[in-house]
Each structure stands twice: as C-alpha cells, then as structure tokens.
Amino acid sequence: MGTDRRRFMQLAGAGALGAALAPGVAGSPVNGGARARPDYDVAVIGAGVFGVWIAHQLRQAGRRVVLLDAYGLGNARASSGGQTRVIRMGYGDKEIYTRWSLRSLELWESLVGRAAPSSIFQKSGVLWMARGEDPLTTTTVATLARLGVPHERLTRADLESRWPQIDFGPVTWAIHEPGSGFLVAFHAVQVVAQRAIGAGVAYLQEAVMPPSGRGGLSAITTRSGRTLRAGTFVFACGPWLPKLFPGVLGERIFPTRQEVFYFGPPAGDDRFGSPAMPVWVDLAEEIYGVPDFKGRGFKVAPDRHGPPADPDSLERVVDPASLARVREYVARRFPALRDAPITGSEVCQYENTSNGDFLIDRHPELENVWLVGGGSGHGFKHGPAVGEYVAARVLDGKPVEALFSLATKARLQNRTVY
Ligand SMILES: Cc1cc2nc3c(=O)[nH]c(=O)nc-3n(C[C@H](O)[C@H](O)[C@H](O)COP(=O)(O)OP(=O)(O)OC[C@H]3O[C@@H](n4cnc5c(N)ncnc54)[C@H](O)[C@@H]3O)c2cc1C
C-alpha cells in the first residue's frame, strides 16, 4: 500500500470529510499551518481543464479539496483559455485516446444535460480530410469501426456535393464523425469550476511557489506568503510545469507558441457556421478549423508546433508571416473567404511532451506530489477522463499506464499522437 493510500485511509477514518468546507475562501481552513492534520486532503494547483476536472472528481469522491490558480479560472494565458476546442474520436491507432474522448464527451454532456443546444458542446460533426492511403486516417477508420463510433467514409464526390463551399484540392476522401464537434472552452472550464466550488471545493487565486525537498511535501506556499497544508498535491499547471519543476520537467515538456485566426464570412453568409460547416482537419497541411460560433468568425489554426514560448511573458500578438500563410491556405480551400477580414486572433501555447502522450505520474522525489499535464495540443477534450483517471490514482494508488509515466517522457521531440 502506497503512502498516499495510507494517508487517505487515515483521513477517511478521521471522518467529517467536507464538514468544515465552504464554497470559497471565506471560512475555509486555509491558514492552519501549525495543525498536525492537513488543511485539505488534496491541493490542486492549476485550474485549467485538467485541474478543474481533477478537483471536481475528487470532491465528488468526498475529499476536502482546495484549487488554486495564479491567473484565475479560464484565464487567457492558460492553454485552456481559448474560445473553442475540438472534440473528436479519431486518434489513428491510439485507441486509449478514442476511448477517453468517448468517455469525456459523456461527462461533458452530463454537466449540462443532453438538451440541445448545449452551452458547452456543439455537435457540428468533424471532417477528416485525407489523401490516398494516409496511415493516420486509415487507422482511424479501423479504430472507430472497432469501437462502434458512428462515422462515415466519404468519397470525393460525396464531399463536393455536401460541402460545396470547400474546394477540396488534392483531398481524395474523408471521414466524417457526425457525433463530434467542439467545446466552448473558456466557458466550459468555468462551468466545471463553479460546479466544483458549489460542491465544496475551496478556490484561491494565488501563485504557488515551486516546491522542493525529498520524501513527502507537507505544505505549499504562495507568492503572497500564504501556507497551505494538504495530504496530496496535484500540480496541473500545463505549460508552467517546466518552470515549477525545472529539474524534472525542464527538458521534458516543451511549450510552443500557437496561433489561431478568425475570418469574418461575408454579411448574411451562413455557410461557414454550424450546421453548414463541420469542424475540419487537414492533416497533410497540419491545419484545422472550427465553424463560426457566436459571430466570432471562422476559426483556422495551424497545428504545426511553433517556436518555444513562456506562458507568463508571451506577447499574444500574431505574426504577420503566419497570417499570410494561413490566408493563402484559406484562399485555396475556402475561396469565398479569400478576402475575408480577420475578426479576431489568439496566441496560445501547446505544452508538448516528447511524443504527445499525456504526463500523469508522481514526482520522482516527492511521493505525495502528482504531475499532470502535457496536453500537447489535444488535451482539452480529455479533461473529464483525465480528472477521473487522476482521482482514481490519488485515491486508490492504482498504477499509471506506462504511456503516461514520467519515464516515457523523452528529452527529444518526436510527435506520434495527433
Ligand atoms: C491554440 C490551441 C488549440 C488547441 N486546440 C485543441 C483542440 O482543438 N482540442 C483539444 O482537445 N485540445 C486542444 N488544445 C490543447 C488543450 O487546450 C490543452 O491541452 C489543455 O487546455 C491543457 O490544459 P491544462 O489544464 O493542462 O493547462 P492550462 O489550461 O494551461 O492550465 C494550467 C493552469 O495552471 C495555472 N498555474 C500555472 N502556474 C501556477 C502556479 N505557480 N500557481 C497556481 N496556478 C498556476 C495557470 O494559470 C493555468 O490556469 C489546444 C491548445 C491550444 C493552445
């Protein structure tokens, strides 16, 4: 039995879990530095999509949880901070991510019920454009079929008749996932956080200082000087993880600058919003897009990794050269948007592991500290499944799959998960 498990069983035996909780800071037992019993069972540091779901799941399991974020819930610097994020089931032969997408969609929908239209999930469909025997798309078809995920395999003629506003160029066929779509990212993070806080999770806007030492961590301190004691600490700090743990993660998580552009369709033209336009992915050109949602514009985003980025100091202004490249693509693929104005842009960062598999593991020297991140440009959709998975490991000490372990996170980037 691991130390965490023993600690939790002692806490559970002590009873009164949650009895002293308040749905916020006021009255919650935050400053009890001198007490033997930790103030909280678990402190979750980072309230991006991973952190809010972890806190939510741990609270559902009856634990006393505090959630902290340096910049606030759904903040614009966080990787989870954009307007929309794609949720698709296709993952080539990486079946675990298809399973996690399926499970996550269930949990996302359960937050707001299945009534359409949902404020969190938009079922626009997802279209994977392919050329010839592209292996990722071909293996995706096989995985979707094996797991019974509804999908259509469309010919070039099908594509042209269904989406005449797209010039498919060299695309020869496609997969359409009619049950997938996109999540309203920033809003979704806030909804989960509010649910968690409403259920008794304490929330603090505080920057946590990098922890140090060996063995067990008893407390964290914040930049403002506050001390919080907890039994277990989960650091879900996305692209900030290498700054908090430079020795362990400095060379294992690679934050990269990523840009998103919104193009304004012509007045009265609804061909670039849902339901006329699905989410689309053009793998060969490493670019994807999301239909116009709430008038923000037709989103187009290169998926190729950009230059290294520091999430604290990154200037979030797009590069004119990137815009020119994206415009050239849009003019080819969506001719009606050739002269469309930019209605908005976002500069964000991916927090890539060496191959794109998530990081979910204990700190190698601090036994009650968990490191969770490495969303690698595809993590948002999986927030609910990551929350369930991490909560189960923290509570029951179950081992983590090798693909999520720190040991599999190399120092050289070689992306295999898309
Ligand atoms: C442009 C872009 C497009 C993407 N598209 C998709 C997509 O279509 N589909 C998809 O599934 N995924 C997508 N992703 C990936 C996905 O958004 C991320 O994998 C996911 O949001 C990562 O969440 P996180 O909780 O790990 O990190 P974050 O959202 O970055 O959250 C980390 C939090 O930790 C806080 N923090 C950091 N340091 C401290 C500290 N010292 N103390 C307290 N708090 C701290 C930060 O303020 C932040 O709020 C995209 C990412 C980007 C950037």
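When a ligand or atom number is given, it counts from 1 through the structure's own listing order.
For Asp282 and Arg131, the salt-bridge test passes: some basic side-chain N is under 4.0 Å from an acidic carboxylate O. Using a 4.0 Å cut-off between charged side-chain N and carboxylate O, Glu152 and Arg162 make a salt bridge.
Residue Glu206 approaches ligand 1 through these ligand atoms, each under 4.0 Å from one of its heavy atoms: 42 (N), 43 (C). Against a heavy-atom cut-off of under 4.0 Å, Val208 is close to the following atoms of ligand 1: 40 (C), 41 (N), 42 (N), 43 (C). Listed by atom number, the atoms of ligand 1 under 4.0 Å from Glu351 heavy atoms are 18 (C), 19 (O), 22 (C). Those atoms of ligand 1 that come under 4.0 Å of a heavy atom in Gly375, given as number and element, are 19 (O). Close approach of ligand 1 to Gly48 is summarised as follows: ligand atoms under 4.0 Å from at least one heavy atom of the residue are 25 (O), 29 (O), 31 (O), 33 (C). Numbered from 1 in the order shown, with element, the atoms of ligand 1 that lie under 4.0 Å from a heavy atom of Ile45 read 42 (N), 43 (C). Proximity to Gln349 (heavy-atom distance under 4.0 Å) selects the following atoms of ligand 1: 53 (C). Within ligand 1, counting atoms from 1 as listed, the ones closer than 4.0 Å to a heavy atom of Cys348 are 1 (C), 52 (C), 53 (C).
The aromatic rings of His382 and His378 sit perpendicular to each other, their planes meeting at more than 60°, with 30° as the lower class boundary.
Looking only at protein heavy atoms, the nearest one to atom 14 (N) of ligand 1 is Gly377 O, 3.4 Å. Protein heavy atom at the shortest distance from atom 12 (N) of ligand 1 is Phe380 N, 3.1 Å. The nearest heavy-atom contact from the protein to atom 8 (O) of ligand 1 is Val86 N, 2.7 Å. The single protein non-hydrogen atom nearest to atom 26 (O) of ligand 1 is Phe50 CD1, 3.3 Å, given as residue, atom name and distance. Nearest protein heavy-atom neighbour of atom 27 (O) of ligand 1: Gly238 CA, 3.4 Å. Regarding atom 34 (O) of ligand 1, its nearest protein heavy-atom neighbour is Gly46 CA, 3.3 Å. For atom 30 (O) of ligand 1, the closest non-hydrogen atom of the protein is Ser79 N, 2.9 Å.
Of the listed residues (Phe182, Tyr262, Phe121), just one forms a ring pair (Phe, Tyr, Trp, His ring centres under 6.0 Å) with Phe293, and that residue is Phe182. Here the rule is side-chain contact (heavy atoms from CB on, under 4.5 Å) with Leu249, and of Thr353, Leu359, Leu244 only Leu359 fits it.
Defined by atom type and a distance below 3.5 Å, a donor-acceptor pair is present between the side-chain atoms of Glu351 and Ser79. Counted by atom type alone, Ser180 and Lys123 present zero donor-acceptor pairs between their side chains at under 3.5 Å. Of the N and O atoms on the side chains of Asp357 and Tyr97, at least one donor lies less than 3.5 Å from an acceptor on the other residue. Side-chain polar atoms of Glu401 and Tyr389 form a donor-acceptor pair below 3.5 angstrom.
Here Glu259 has no heavy atoms under 4.0 Å from ligand 1, in either its backbone or its side chain. Contacts of Trp240 with ligand 1, taken as heavy-atom pairs under 4.0 Å, involve the side chain alone. Contacts of Val189 with ligand 1, taken as heavy-atom pairs under 4.0 Å, are absent altogether. Only the side chain of Tyr288 comes within contact range of ligand 1, with a heavy atom under 4.0 Å; no backbone atom does. With a 4.0 Å cut-off on non-hydrogen atoms, Arg85 touches ligand 1 through its backbone as well as its side chain. Residue-level proximity to ligand 1 for Val260 is carried by the side chain, the only part with a heavy atom below 4.0 angstrom.
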*Please walk me through it: do Asp292 and Arg271 pass salt bridge (Lys or Arg N to Asp or Glu O under 4.0 Å)?*
CA-CA 9 Å; Asp292 183 11; Arg271 292 175 298 161; over 6 Å; no
*Working for side chain to side chain contact (heavy atoms under 4.5 Å, CB included), residues Val394 and Val234*: CA-CA 9 Å; Val394 166; Val234 179; 4.2 Å; yes
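With distances taken over non-hydrogen atoms, the option nearest atom 46 (C) of ligand 1 out of Val386, Asp69, Val49, Val290 is Asp69. Distances from atom 51 (C) of ligand 1 to the heavy atoms of Tyr350, Trp53, Phe358 put Tyr350 nearest. The nearest non-hydrogen atom to atom 32 (C) of ligand 1, considering only Ala78, Ala236, Ala207, comes from Ala236. For atom 24 (P) of ligand 1, the candidate residues are Ala70, Ser80, Gly373; the nearest heavy-atom contact is made by Ser80.
Within the 4.0 Å heavy-atom shell around ligand 1 one does not find Ala301. Not a single heavy atom of Gly82 sits closer than 4.0 Å to an atom of ligand 1.
By the neighbour-count criterion of 12 heavy atoms within 6.0 Å, atom NZ of Lys409 is densely surrounded, having more than that number from other residues, nucleotides or ligands.
The CG atom of Leu136 sits 8.0 Å away from atom CG of Asp93, with the distance rounded to the nearest 0.5 Å.
Between Val372 and ligand 1, a contact under 3.5 Å exists for no N or O pair. For the pair Gly379 and ligand 1, the shortest N or O to N or O distance falls below 3.5 Å.
A cation-pi arrangement is present between Arg153 and Trp173, with the terminal nitrogen or guanidinium carbon under 6.0 Å from the aromatic centre and inside a 45° cone about the axis. Seen from the ring of Phe334, Arg338 does not count as a face-on cation partner, given the 6.0 Å and 45° thresholds. In this structure, Arg88 is positioned above the aromatic face of Tyr91, its NZ or CZ under 6.0 Å from the six-membered ring centre and within 45° of the axis.
For Asn355 (side chain) and Arg415 (main-chain N/O), no donor-acceptor pair under 3.5 Å exists by modelled atom type.
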